[in-house]
Amino acid sequence: MPEGHTIHRLAEDHLARFGGHPVRVTSPQGKFSDSAALIDGQVLDGVDAHGKHLFLGFGAGWVHIHLGLFGKVGFGDAPAPPPTDTVRLRIAGAGAYMDLRGPTTCALITGPEKRAIHERLGPDPLRDGDDPDKAWRRVSRSRTAVAALLMDQKVLAGVGNVYRAEVLFRHGIDPYRAGKDLTRAEWDAIWADLVALMREGVRDNRIDTVRPEHTPEAMGRPPRVDDHGGEVYVYRRATLPCHICGGEIRTAGLAARNLFWCPTCQKP
């Protein structure tokens, strides 16, 4: 499932390609046809992202998109080729087009419905003005493992499996430590690090979490080879040596996802 930086990048990409102009909106698959007809020919006049939720604003409402595990967004230059019948939503402008396939959610919603979605989500490190105190109040009272809390979108929006594993490693925090056992200083450091790392992810369209002294060039090691790209400390590195201590990276299931950590660098 895409993490929050991807959704914020998609918001920027939609605005750059279609913002301020009338667009053609269709649903070749047919599942979004009625809603597509209501916004076809309208101007894309706003975009928004919160966690893993993308919103495209038109006069008739907001197109709410959640990619889920299988959703894909593809952009191309005009003229758009004939769409396949797997395309849930096509947006076409004068110079570009976008095809959406396989999303968990693709729905035309009202302003109040959009606000209700925001209200049930936690603060997003990529949204200016979102308050980390809102998340801290929940984390500091919880007996749940901090690694699970970071993945709970009602606590903190946009953080997925990669960022949760990496930020805990970067701060030497045992992923099984209860939220209530974090200090406020540790929480503030986690939040600040997520803001910086995820902004970098939006800019570069990939996740890199290693510090300059731990890059392949600095350490004289081979670069990571992985479909997800980017240099990381522990994510999907189970049984491999830790870049810092040389110990074995561990993995286990937590919050319905595979957790990765270094038991030496992240002592209980």
Side-chain angles (χ1 to χ4, degrees), residues 1-10 51-52 67-72 122 124-126 135 139 144-153 155-177 179 182 186-187 189-219 221-268:
M1 184 182 296
E3 305 209 17
H5 74 288
T6 298
I7 307 306
H8 282 263
R9 176 63 180 257
L10 286 176
K52 301 179 182 182
L67 294 177
L69 290 173
F70 304 109
K72 301 290 183 184
D124 180 339
L126 289 172
V139 169
T144 301
V146 63
L149 291 169
L150 290 176
M151 291 280 283
D152 186 340
Q153 300 298 297
V155 175
L156 191 64
V159 174
N161 208 18
V162 186
Y163 282 120
R164 72 114 172 233
E166 293 297 302
V167 77
L168 290 175
F169 177 88
R170 283 168 61 94
H171 294 274
I173 294 173
D174 174 18
Y176 291 99
R177 195 197 305 182
L182 282 183
E186 286 173 326
W187 172 253
I190 287 173
W191 174 269
D193 208 17
L194 286 170
V195 170
L197 289 172
M198 294 177 75
R199 283 179 177 169
E200 183 178 307
V202 174
R203 185 189 70 230
D204 298 338
N205 203 26
R206 61 183 246 167
I207 299 177
D208 284 290
T209 62
V210 300
R211 295 184 170 93
E213 61 269 29
H214 300 132
T215 64
E217 296 78 14
M219 297 185 71
R221 60 178 175 82
R224 179 176 181 237
V225 178
D226 188 276
D227 292 341
H228 289 71
E231 288 294 330
V232 296
Y233 285 108
V234 293
Y235 178 70
R236 291 178 68 167
R237 296 194 67 246
T239 74
L240 295 176
C242 174
H243 293 323
I244 294 179
C245 74
E248 184 178 288
I249 302 299
R250 301 277 183 83
T251 186
L254 183 68
R257 303 294 294 276
N258 288 331
L259 174 67
F260 301 89
W261 80 104
C262 173
T264 301
C265 294
Q266 298 168 264
K267 292 185 182 298

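Nothing fancy with the numbering, it's 1 onward along the sequence.
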Hey, does the side chain of [X] reach the backbone of [Y] with a donor-acceptor pair shorter than 3.5 angstrom?
X: Arg9; Y: Val202; result: yes
X: Arg236; Y: Phe260; result: no
X: Asn161; Y: Asn258; result: yes
X: Asp193; Y: Val167; result: no
X: Glu166; Y: Tyr233; result: yes

Rounded to the nearest 0.5 Å, what separates atom [atom1] in [X] from atom [atom2] in [Y]?
X: His8; Y: Asn205; atom1: NE2; atom2: CG; result: 13.5 Å
X: Arg250; Y: Arg237; atom1: CZ; atom2: CZ; result: 14.5 Å
X: Tyr163; Y: Leu197; atom1: OH; atom2: CG; result: 6.5 Å
X: Phe169; Y: Cys242; atom1: CZ; atom2: SG; result: 4.0 Å
X: His214; Y: Met219; atom1: NE2; atom2: CE; result: 6.0 Å
X: Trp261; Y: Ile249; atom1: CH2; atom2: CD1; result: 10.0 Å

Return the minimal non-hydrogen interatomic distance between [X] and [Y], and the atom names on each side.
X: Val234; Y: Ala165; answer: CG2-O, 3.8 Å
X: Gly179; Y: Leu149; answer: CA-CD1, 3.7 Å
X: Ala135; Y: Trp187; answer: CB-CZ2, 3.5 Å
X: Cys245; Y: Thr264; answer: SG-CB, 3.7 Å
X: Val210; Y: Arg170; answer: C-NH1, 4.3 Å

Go through the side-chain N and O atoms of Asp204 and His5 and say whether any donor and acceptor fall under 3.5 Å apart.
no
Side chains of [X] and [Y]: closer than 4.5 Å at any heavy-atom pair?
X: Pro175; Y: Gln266; answer: yes
X: Ile173; Y: Val146; answer: yes
X: Pro125; Y: Trp191; answer: yes
X: Leu150; Y: Val155; answer: no
X: Asp124; Y: Leu156; answer: no
X: Leu10; Y: Leu67; answer: yes
X: Val139; Y: Leu182; answer: yes
X: Arg211; Y: Glu231; answer: no

Are Thr209 and Tyr235 close enough, and set up right, to give a side chain to side chain contact (heavy atoms under 4.5 Å, CB included), and what steps lead you there?
CA-CA 10 Å; Thr209 62; Tyr235 178 70; over 6 Å; no
Please report the C-alpha distance between Met198 and Glu3 in whole Å, then the side-chain angles of each, then the deciding distance to 0.1 Å, and finally whether the side chain to side chain contact (heavy atoms under 4.5 Å, CB included) criterion is met.
CA-CA 9 Å; Met198 294 177 75; Glu3 305 209 17; 5.7 Å; no
Pairing of [X] and [Y] as salt bridge, 4.0 angstrom limit:
X: Asp174; Y: Lys267; value: no
X: Glu186; Y: Arg177; value: yes
X: Arg206; Y: Glu200; value: no

Arg164 and Leu259: side chain to side chain contact (heavy atoms under 4.5 Å, CB included), yes or no, with the steps?
CA-CA 9 Å; Arg164 72 114 172 233; Leu259 174 67; 3.7 Å; yes
